[in-house]
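Just below is one structure, and these are the notes that go with it.
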Amino acid sequence: MNKSVMALSITLALTTSLSGCSSFSNPENPVPNVVNAQGNEAKRVHAIVAPSFDEMLVLDPLTATYVGINTYNDKFIAPISPQSIEEDKAFEQQYLDRINAIDVNQLSGQDLLSYQVFKRDREVALASFEFPEHYIPFNQMYGIHNDFAMLGSGESSQPFNTVKDYQDFINRAKGFSDYMDSAILSMREGAKEGIVLPKVIVKKLIPQFKTHLVKNIKDSVFYGPVKQLDKNNAINAQDKKQLRAEYTQMIENVIIPTYQKTLSFLTTEYAPLASDTVGLSHLPNGTAWYDHMISYHTTLPLTADEIHEFGQQEVARILSEMEKVKQTVNFKGSLPEFFIFLKEDEQFYFKSPEQVIAAYEGVKDKINSRVSQLFEVFPKADYQVKEVEAFRAASSAGASYEAPAPDGSRPGTFYINTYNLKAQPNFIVETLSIHEASPGHHFQASIQQEVESLPMFRKFGNFTVYEEGWALYAESLGKEMGLFTDPYQWYGRLVDEQLRAMRLVVDTGLHAKGWTREQAIDFMTKNSSMADTDIEAEVERYISIPGQALAYKTGQRAIQQMREKAKETLGEQFNIKKFHTQILIDGSLPMPILSAKIDRWVEAQK
């Protein structure tokens, strides 16, 4: 896999710790310490997977920073080049060859899971090299230009505690500049091959680069660590003075010129060459590329047609549930009129960003007091609620989650985008909090990091279908936990599920069925009460990252099917808490591997 894509994949996993949050900690049921078998083949698996993670961090030092390993904080990923791509490919091939030499019949438990996941990762990564991802190395949703700004803000994973920390980032900035130069060259090559971003996406990228072209250095997001120096008692006055000077020079002479150069390329050279079409199938070998993205993101043997049909069915079902809510609240108009009412009536919207944050902080305790009804294992880490930073708010999702620091130095973060208050109705507070925080992403990501004996590649590995499937499944638990008693909060749950159902239709429509951006927007407008700006941002997200949006609903369905099958098989022996433990305790897994594991667990319960 292209290193820039690898880094973004890890970012998504982490954007997915304070010890002993009293709401969660349970001394009788802490996160179990998983024990591995010690057979010869098991030892060979360990001897393969452990060094592979360490070697991957050398190739991808940004990931090292994200997972709390600070050895490579002064390094950036290598510039895009035929040589760096071949190095990545050779890395994947050598480890696939080594894992293929293992006798899988001698493995069980965690060792079997590690073998299966590691082997699949290598196979999928090698398949990715068939498609020129490096020609489109960033977009408005997930781009190295935004990741670097988050790291450099002083509010993310990059530490700024010592003189060396500051010097590390100064050196990392040089690597960022070199990488962006290579990205420009790669995008030029892509244009020659007819592989370019759509014009609508380039248009959204331009403001993200412009925001860093500040006249006053102190207004730069990268100046944040300099401001933190005043409160840093570990650095003496002379070093602070020197760091201020060096850091200011870095922003002036490296960072701003890099953003300016890329912006100039995008506006004057690339934008005129960008595509008028938006679907992946319009690109060379685009149909096969999209099939690969479906497999990559869902881990399931699904076709675009199957997913499109499933989405249409779910959209219709959820609309009928919304009709019931309309009747419950005694709204006399049609469902489309109900949508307009929900979009326009001020009672459903916050008046300030502060109110938004306060609402989510308020519902946190309400949810935390109920999770023990369905769970026996809880994360040690707490989470905080924060606004999305201004420099990325205009193009970011409505909400997201960043995992806690593995060493406990930083809690998880539930990000709320307050850029457009009309995109944050108050009736989604319960369902969105469940999804992004507890027991959704916060449970899944924190528990995965806290299981001590998971190999590192699994502690920090991610499968979208698992993370997002779990979070959407977690939303479905709301009523079982005594939430959604207010019909509008239940409607909010339906809104969230409808969004995920529409994604199935729209993503496949755009990338497999020739839909235009306008067709996609029209479909979502007709089938939801979402804000127009939110719909536009969602559609452009699907254009930018084909297949990712398919993972939510397909993952939820797969987990629900596992639950139903286990309950049917075990009958009165079925324990929902223990089932949830089994889903969570082995970290992120592809759906077929997770399903087979649950089947083995069910058999063992008989």
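In this text, all values refer to a predicted model and were calculated from it rather than measured experimentally.
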query: Is the shortest heavy-atom distance from the side chain of Pro592 to the side chain of Thr299 under 4.5 Å?
result: yes

message: Just to verify, what does Lys597 make a salt bridge (charged side-chain N to carboxylate O under 4.0 Å, His left out) with, not counting sequence neighbours?
response: Asp586

query: Is Glu314 salt-bridged to Arg317, going by a charged N under 4.0 Å from an acidic O?
result: yes

message: Given 3.5 Å as the limit, does a donor-acceptor pair link the side chain of Glu306 with the main chain of Leu302, or not?
response: no

- prompt: Taking C-beta and beyond as the side chain, do Arg410 and Ser157 meet within less than 4.5 Å on heavy atoms?
  reply: yes

- prompt: Quick check: does any side chain N or O of Tyr466 sit under 3.5 Å from a backbone N or O of Ile583, one acting as donor and the other as acceptor?
  reply: yes

message: Quick test of your reading of the model: are Arg517 and Glu536 salt-bridged, counting only N-O distances below 4.0 Å?
response: yes

message: When you compare the side chain of Asn146 with that of Phe138, does any pair of heavy atoms fall below 4.5 Å?
response: no

- prompt: Just by distance, with hydrogens left out, do Ser588 and Gln448 show a side-chain donor and acceptor under 3.5 Å apart?
  reply: no

task: Would you please test Arg120 and Phe463 for side-chain contact (heavy atoms from CB on, under 4.5 Å) and show each step?
output: CA-CA 11 Å; Arg120 184 193 179 279; Phe463 296 94; 3.6 Å; yes

- prompt: Is any side-chain N of the basic residue among Lys343 and Asp534 closer than 4.0 Å to the acidic one's carboxylate O?
  reply: no

- prompt: Got Tyr383 and Glu436 here, is their nearest side-chain heavy-atom distance under 4.5 Å?
  reply: no

message: Using the rule given for salt bridge (charged side-chain N to carboxylate O under 4.0 Å, His left out), can you reason through Lys386 versus Glu402, listing the C-alpha separation, both sets of side-chain angles and the distance that settles it, and then say yes or no?
response: CA-CA 11 Å; Lys386 290 179 66 174; Glu402 180 178 274; over 6 Å; no

Expected output: side-chain Ser153 to main-chain Met150 donor-acceptor under 3.5 Å: yes

- request: Count the heavy atoms belonging to other residues, nucleotides or ligands that lie under 6.0 Å from CD of Glu564, then report whether that count exceeds 12.
  value: yes

message: If you count heavy atoms of other groups shown closer than 6.0 angstrom to NZ of Lys567, is the number above 12?
response: no

message: With side-chain contact (heavy atoms from CB on, under 4.5 Å) as the criterion, how do Val315 and Phe523 come out once you've worked through the C-alpha distance, each side chain's angles and the decisive distance to 0.1 Å?
response: CA-CA 11 Å; Val315 167; Phe523 178 83; 4.2 Å; yes

- request: Kindly determine whether Arg500 and Glu497 satisfy salt bridge (charged side-chain N to carboxylate O under 4.0 Å, His left out), including the steps that lead there.
  value: CA-CA 5 Å; Arg500 280 44 180 246; Glu497 190 173 23; over 6 Å; no

statement: Between the CG atom in Asn527 and the CD1 atom in Ile535, the distance rounded to the nearest 0.5 Å is 9.5 Å

- prompt: Can you tell me how far NZ of Lys459 sits from CD of Gln449, rounded to the nearest 0.5 angstrom?
  reply: 7.5 Å

message: For Phe579, is the CZ atom crowded, meaning more than 12 foreign heavy atoms sit under 6.0 Å from it?
response: yes

field: Which atom of Ser528 lies closest to which atom of Met502, heavy atoms considered
entry: CB-CE, 3.6 Å

task: Keeping the roles fixed (side chain from Ser544, backbone from Glu540), state whether a donor-acceptor pair exists under 3.5 Å.
output: yes

field: Modelled atom types, side-chain donor and acceptor of Thr464 and Gln548, under 3.5 Å
entry: no

field: Shortest non-hydrogen contact from Asp507 toward Ile545
entry: OD2-O, 4.3 Å

message: Keeping Glu321 on the side-chain end and Leu494 on the backbone end, is there a donor-acceptor pair under 3.5 Å?
response: no

- prompt: Would you call Arg563 and Glu480 a salt bridge, taking side-chain N to carboxylate O under 4.0 Å as the test?
  reply: yes

query: Does NZ in Lys577 sit with more than 12 non-hydrogen atoms of other residues, nucleotides or ligands closer than 6.0 Å?
result: yes

message: Using side-chain heavy atoms (C-beta onward) and a distance below 4.5 Å, is Leu483 in contact with Gln489?
response: no

message: For Phe414 together with His442, are the ring centres under 6.0 Å from each other?
response: no

- request: Return the minimal non-hydrogen interatomic distance between Val602 and Leu570, and the atom names on each side.
  value: O-CD2, 3.7 Å

message: Leu510 and side chain to side chain contact (heavy atoms under 4.5 Å, CB included): which single residue from Thr516, Val278, Val505 fits?
response: Val278

field: Mutual orientation of the aromatic rings belonging to Phe375 and Trp470 [parallel < 30°, tilted 30-60°, perpendicular > 60°]
entry: perpendicular

Which atom of Pro546 lies closest to which atom of His297, heavy atoms considered: O-CD2, 3.4 Å

- prompt: Cut-off 3.5 Å, side chains only: do Lys553 and Gln556 have a donor facing an acceptor?
  reply: yes

- prompt: Sub-3.5 Å donor-acceptor pair from the side chain of Gln116 to the main-chain atoms of Leu589, do we have one?
  reply: no

field: Exam field: side chain Ser281 to backbone Gly286, donor-acceptor pair closer than 3.5 Å
entry: no

statement: When rounded to the nearest 0.5 Å, the distance separating OG1 of Thr508 from CD1 of Ile307 is 7.0 Å

- prompt: Once you round to the nearest 0.5 Å, how far does NZ of Lys526 lie from CG of Leu335?
  reply: 14.0 Å

query: With side chains defined as the heavy atoms from C-beta onward, is the minimum distance between Gln312 and Leu504 less than 4.5 Å?
result: no

field: The single option from His435, Arg493, Lys366 passing side chain to side chain donor-acceptor pair (under 3.5 Å) against Glu430
entry: Lys366

statement: Closest non-hydrogen contact found for Ile416 with Gln424 is CG2-NE2, 3.8 Å

Pairwise distance CZ(Arg503) to CD(Glu468) - rounded to 0.5 angstrom: 7.5 Å

query: Within the side chain of Lys326, is there an N or O that forms a donor-acceptor pair under 3.5 Å with the backbone of Gly333?
result: yes

Contacts of type salt bridge (charged side-chain N to carboxylate O under 4.0 Å, His left out), residue Glu337, not counting sequence neighbours: none

task: Give a yes or no answer on whether the side chain of Glu568 reaches the backbone of Lys565 with a donor-acceptor pair at less than 3.5 Å.
output: no

query: Rounded to the nearest 0.5 Å, how far apart are CG of Leu280 and OG1 of Thr287?
result: 8.0 Å

- prompt: Looking at Val539 and Ala520, what are the two nearest heavy atoms and their distance?
  reply: CG1-CB, 3.8 Å

field: Evaluation steps, side-chain contact (heavy atoms from CB on, under 4.5 Å), between Val388 and Tyr419
entry: CA-CA 8 Å; Val388 172; Tyr419 178 78; over 6 Å; no

message: Quiz question: by atom type and distance under 3.5 Å, do the side chains of Tyr491 and Ser529 form a donor-acceptor pair?
response: yes

- prompt: Just one of Tyr488, Phe331, Phe427 clears the ring-ring contact (aromatic ring centres under 6.0 Å, His included) bar with Phe341, so which one?
  reply: Phe331

- request: Using a 4.5 Å cut-off on heavy atoms from C-beta on, say whether the side chain of Met524 contacts that of Leu499.
  value: yes

- prompt: Does His511 use its side chain to pair, donor to acceptor, with the backbone of Gly547 at less than 3.5 Å?
  reply: no

message: Looking at Lys422 and Glu346, is any side-chain nitrogen of the basic one under 4.0 Å from a carboxylate oxygen of the acidic one?
response: yes

- prompt: Do Leu342 and Pro425 have side chains that get closer than 4.5 Å, going by heavy atoms?
  reply: no

